[in-house]
Amino acid sequence: MKTTEFKKLIIQTENVEWFNSIEINLNFLIININQKFTGLASLHRFVEEQNFGWGKIEKIPQELLASQHFFDFIRQQIEVFINTYSNIPESTILDSYFRNPISEINARNVNIFTFDSLETDFLLKVKNTNPLSFLGAFTYLCGDLNQNMNQKDNFNGYLIAYEFKSKDSKISERLNSEKHSLRGGFKS
């Protein structure tokens, strides 16, 4: 269902104000983004954009499919909710019923990336340029450092992801300036 159709359903509910004013927070810890939505239509629009964006990416790595499926799951949850509870006029009852889908959404929000995050772009580039290091990079970003470090490719993935995450750190700045000064020192 498109967001325009979803908005039409909201207009037909017994408590339009509740459906337009409910606040929802989605916290994507891995990419350090906290999204706040006011109204189910704004959440639906965000999810529709995510589903569209993930759908445009060719050959999504298996590890990122959970992110794509997560946004489709949210869409299903809120569409089922509005179809099931649109005839309830009391806000307190709607609040109570909405706890279940929001709890299920939050429970599944583990290691989720938005299609347009820098981390997703980074991981897709690693997958295309250095596919054997992808798993190490992915698990590093997820904070799961339990992958087999004895495998060189996983270790390389960790290093690539470490460099990506610390590109704005003081250490990174120092290393870049040292590289620059060393290159300058060898010119003839």
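Counting all heavy atoms, side chain and backbone alike, Leu64 lies closest to Ile60 at CB-CG2, 3.8 Å. When all heavy atoms of Ser133 and Asn156 are compared, the pair lying nearest together is OG-CB, 3.5 Å. Ile22 approaches Asp95 most closely through the heavy-atom pair CD1-OD1, 3.9 Å. Of all heavy-atom pairs spanning Ser86 and Asn83, the tightest one is OG-O, 4.2 Å. The nearest pair of heavy atoms linking Leu132 to Asp153 is O-CB, 3.1 Å. Minimum interatomic distance between Ile11 and Val16 (heavy atoms only, all atoms of both residues): O-CG2, 3.5 Å.
Residues Ile82 and Ile10 meet the side-chain proximity criterion, which asks for heavy atoms closer than 4.5 Å. The shortest distance between side-chain heavy atoms of Phe70 and Val110 does not fall below 4.5 Å. Side-chain atoms of Phe164 and Tyr140, non-hydrogen and from C-beta on, never get closer than 4.5 Å to each other. A heavy-atom distance below 4.5 Å is not found between the side chains of Asn25 and Asn106. Within the 4.5 Å cutoff, the side chain of Phe81 has heavy atoms near those of the Phe19 side chain. Side-chain contact between Phe46 and Gln50: present, with at least one pair of heavy atoms (C-beta onward) separated by less than 4.5 Å.
A donor and an acceptor atom, one from each side chain of Asp72 and Gln68, are nowhere located under 3.5 Å apart.
Summarising the geometry, atom CD belonging to Gln76 is positioned 10.0 Å from atom NE2 belonging to His69; distances are rounded to the nearest 0.5 Å.
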**Asked** Going through the distances and angles, do Leu141 and Ile31 end up as a side chain to side chain contact (heavy atoms under 4.5 Å, CB included)?
**Response** CA-CA 8 Å; Leu141 292 180; Ile31 57 176; over 6 Å; no

**Check against side chain to side chain contact (heavy atoms under 4.5 Å, CB included), Arg45 and Lys7** = CA-CA 10 Å; Arg45 183 179 330 105; Lys7 287 180 179 180; 3.9 Å; yes

**Item:** Verdict with reasoning, Leu26 to Leu43, per side chain to side chain contact (heavy atoms under 4.5 Å, CB included)
**Value:** CA-CA 10 Å; Leu26 292 179; Leu43 176 59; 3.9 Å; yes

**Request:** Could you walk me through whether Ile112 and Ile30 pass side chain to side chain contact (heavy atoms under 4.5 Å, CB included), step by step?
**Result:** CA-CA 7 Å; Ile112 299 298; Ile30 293 175; over 6 Å; no

Donor-acceptor pairs are to be reported for all side-chain atoms of residues 116-126 against protein atoms at under 3.5 Å, with residues two or more places apart or in another chain.
{"unit_1": "Asp116", "atom_1": "OD1", "unit_2": "Thr114", "atom_2": "OG1", "d": "3.1"}
{"unit_1": "Ser117", "atom_1": "OG", "unit_2": "Thr114", "atom_2": "O", "d": "3.2"}
{"unit_1": "Ser117", "atom_1": "OG", "unit_2": "Thr120", "atom_2": "N", "d": "3.1"}
{"unit_1": "Ser117", "atom_1": "OG", "unit_2": "Thr120", "atom_2": "OG1", "d": "2.8"}
{"unit_1": "Glu119", "atom_1": "OE2", "unit_2": "Lys165", "atom_2": "NZ", "d": "3.2"}
{"unit_1": "Thr120", "atom_1": "OG1", "unit_2": "Thr114", "atom_2": "O", "d": "2.6"}
{"unit_1": "Asp121", "atom_1": "OD2", "unit_2": "Lys125", "atom_2": "NZ", "d": "3.1"}

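Taking the six-membered ring where tryptophan is involved, the planes of Phe138 and Phe113 are tilted, since the angle between them lies from 30° to 60°. Ring geometry for Phe71 against Phe28 counts as tilted: the plane angle lies between 30° and 60°, on a 0 to 90° scale.
Checked options Asn109, Val47, Ile105; the residue passing with Phe73 is Ile105 (criterion: side chain to side chain contact (heavy atoms under 4.5 Å, CB included)).
Using a cut-off of 4.0 Å between Lys/Arg side-chain N and Asp/Glu carboxylate O, Glu48 and Arg75 are scored as not salt-bridged.
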